[in-house]
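Since we're looking at a predicted model, the values are computed, not measured.
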Amino acid sequence: MSQTVDRALSILPLLAEGPADLGQVADRLGVHKSTALRLLRTLHEHGLVYRQSDQRYRLGARLFALAQEAVENLDVREIAHPHLVRLNETCGHTVHLAVYEENEVLYIDKVESRYPVRMYSRIGKPVAITVAAVAKLLLADLPEPERRALADKLDYPLYTPRSTPGAPAFLKELATVREQGWATDLGGHEESINCVAAPIRGADGRVVAAMSVSAPNVVVTADELLTLLPLVRRTADAISHEYSGKPPAKEESSRRP
């Protein structure tokens, strides 16, 4: 039975490369055509493969539906939380997790700093979307037309002299964030608070959430906080790999700043 299941599952990666006929499937599995046909018929009955009019097989719609359902049921907060706690234990600073929903960026998790000076951010509260590092990461991942349309709709409050002044500057910063793969807020919302952030990506490479480390100047300077960026990015990568189900790539660690 286990061999049958193994063979059946081996058909799916083959068809992911493109449609294949019965002979190609049998050759890949190293089995007789009758065995391959039996496996394909079973997968077809469950909607996991589909037989085209040219008698070749491709992946079935049911497989994509199952994959989408699995993604929608993933709780990025549940997966990320232990990683956020470990990061907090290592650096001691406030750690946030945020997502983009209905034109707002919301905090969905927070691990408090060990230091007496605390931040007023709360889970479920929208962030300052034009200056927050997590917001920059989430918005930078949007398709360009959507980015531009959103940027034109936003207000740009000048919380501090370092706040983003308007749509052109915001779009330029989002382009930089998109290219470099990380973001900062160095006194843009509160002059005394600095923040570094990294993206969490799903299996398709899209940004599904963003995490950050924040600290006040009285605890650590902006330059000192920036030295934590490699650690923040490694943590985000670990969450991404667990969320997407992909094993970590060895070469990624050598490319960290």
Side-chain angles (χ1 to χ4, degrees), residues 75-77 79-81 83-85 87-88 91 93-113 117-142 146-167 169-178 180-202 206-217 219-220 222 225-226 228-229 232-233 235-236 239-240 243:
D75 185 346
V76 67
R77 181 183 182 277
I79 292 170
H81 187 73
H83 296 273
L84 305 184
V85 170
L87 177 59
N88 169 266
C91 69
H93 306 307
T94 302
V95 182
H96 288 108
L97 180 70
V99 295
Y100 178 61
E101 290 184 355
E102 299 181 356
N103 295 328
E104 286 188 324
V105 176
L106 306 170
Y107 289 127
I108 61 171
D109 202 1
K110 177 183 181 182
V111 185
E112 290 281 6
S113 167
V117 181
R118 299 293 179 91
M119 295 182 63
Y120 291 107
S121 55
R122 297 194 308 272
I123 295 174
K125 181 180 179 181
V127 310
I129 197 168
T130 60
V131 291
V134 288
K136 295 171 189 176
L137 284 165
L138 290 161
L139 301 185
D141 192 62
L142 296 175
E146 193 172 341
R147 282 203 311 273
R148 291 188 175 279
L150 180 63
D152 288 340
K153 294 178 184 176
L154 293 174
D155 295 323
Y156 292 87
L158 294 178
Y159 302 105
T160 78
R162 296 182 181 181
S163 298
T164 308
F170 191 50
L171 287 168
K172 183 178 180 180
E173 186 162 9
L174 292 185
T176 299
V177 167
R178 187 181 178 93
Q180 69 190 14
W182 49 273
T184 62
D185 170 13
L186 304 180
H189 188 217
E190 298 179 59
E191 287 193 76
S192 62
I193 302 291
N194 299 304
C195 176
V196 294
I200 296 167
R201 300 181 184 274
R206 298 295 304 275
V207 176
V208 297
M211 56 158 294
S212 65
V213 170
S214 304
N217 286 328
V219 173
V220 63
L225 187 67
L226 284 169
L228 295 176
L229 180 58
V232 175
R233 298 187 73 186
T235 301
I239 298 169
S240 298
Y243 180 80

Provide the closest heavy-atom pair for Ala183 versus Ala133 in the form atom of the first, atom of the second, distance. CB-O, 3.5 Å
Spacing of Ile129 atom CD1 and Leu150 atom CG [to the nearest 0.5 Å]: 5.5 Å
Which pairs count as side chain to side chain donor-acceptor pair (under 3.5 Å) when at least one residue sits in residues 190-201, sequence neighbours excluded? Asn194-Asn217
Quick check: do Ile200 and Leu97 have side-chain heavy atoms less than 4.5 Å from each other? yes
Side-chain polar contacts of residues 158-167 - donor-acceptor pairs under 3.5 angstrom, sequence neighbours left out - could you list them?
residue: Thr160; atom: OG1; partner: Arg162; partner atom: N; Å: 3.0
residue: Thr160; atom: OG1; partner: Gly187; partner atom: O; Å: 2.6
residue: Arg162; atom: NH1; partner: Leu186; partner atom: O; Å: 3.1
residue: Ser163; atom: OG; partner: Tyr159; partner atom: N; Å: 2.9
residue: Ser163; atom: OG; partner: Thr160; partner atom: N; Å: 2.9
residue: Ser163; atom: OG; partner: Thr160; partner atom: O; Å: 3.1
residue: Ser163; atom: OG; partner: Gly188; partner atom: O; Å: 2.6
residue: Thr164; atom: OG1; partner: Thr130; partner atom: O; Å: 2.8

Tell me if a side-chain donor or acceptor on Arg233 pairs with a main-chain N or O of Trp182 at a distance below 3.5 Å. no
Output the distance between atom CG (Leu225) and atom OG (Ser212), rounded to the nearest 0.5 Å. 9.5 Å
Any side-chain heavy atom of Asp141 within less than 4.5 Å of one from Tyr100? no
Measuring only between side-chain heavy atoms, which start at C-beta, is Thr94 closer than 4.5 Å to Lys110? yes
Using the test side-chain hydrogen bond (donor to acceptor under 3.5 Å, both in side chains), find all partners of His96 that sit at least two apart in sequence or belong to another chain. Ser121
Return the set of residues passing salt bridge (charged side-chain N to carboxylate O under 4.0 Å, His left out) with Glu173 (not counting sequence neighbours), or none when no residue passes. Lys136
Could you tell me whether the side chain of Cys91 reaches within less than 4.5 Å of the side chain of Val213, counting heavy atoms only? yes
For side chain to side chain contact (heavy atoms under 4.5 Å, CB included), just list the numbers for Arg178 and Arg147, CA-CA rounded to whole Å, side-chain angles, deciding distance to a tenth of an Å, and then say yes or no. CA-CA 11 Å; Arg178 187 181 178 93; Arg147 282 203 311 273; 3.2 Å; yes
The test is side chain to side chain contact (heavy atoms under 4.5 Å, CB included); show your working for Glu101 and Leu106 and say whether it passes. CA-CA 7 Å; Glu101 290 184 355; Leu106 306 170; 4.1 Å; yes
What are the two closest non-hydrogen atoms of Val127 and Ala132, and how far apart are they? CG2-CB, 3.8 Å
Mind checking what makes ring-ring contact (aromatic ring centres under 6.0 Å, His included) contact with Phe170, not counting sequence neighbours? Tyr156
If we check side-chain contact (heavy atoms from CB on, under 4.5 Å) with His93, which of these qualifies: Val196, Val111, Val219, Leu87? Val219
Among residues at least two apart in sequence or on other chains, which ones pass side chain to side chain contact (heavy atoms under 4.5 Å, CB included) with Ala210? Val134, Leu137, Leu138
Under 3.5 Å, is there a donor-acceptor pair between the side chain of Asp75 and the main chain of Arg77? yes
Any side-chain heavy atom of Leu84 within less than 4.5 Å of one from Asn88? no
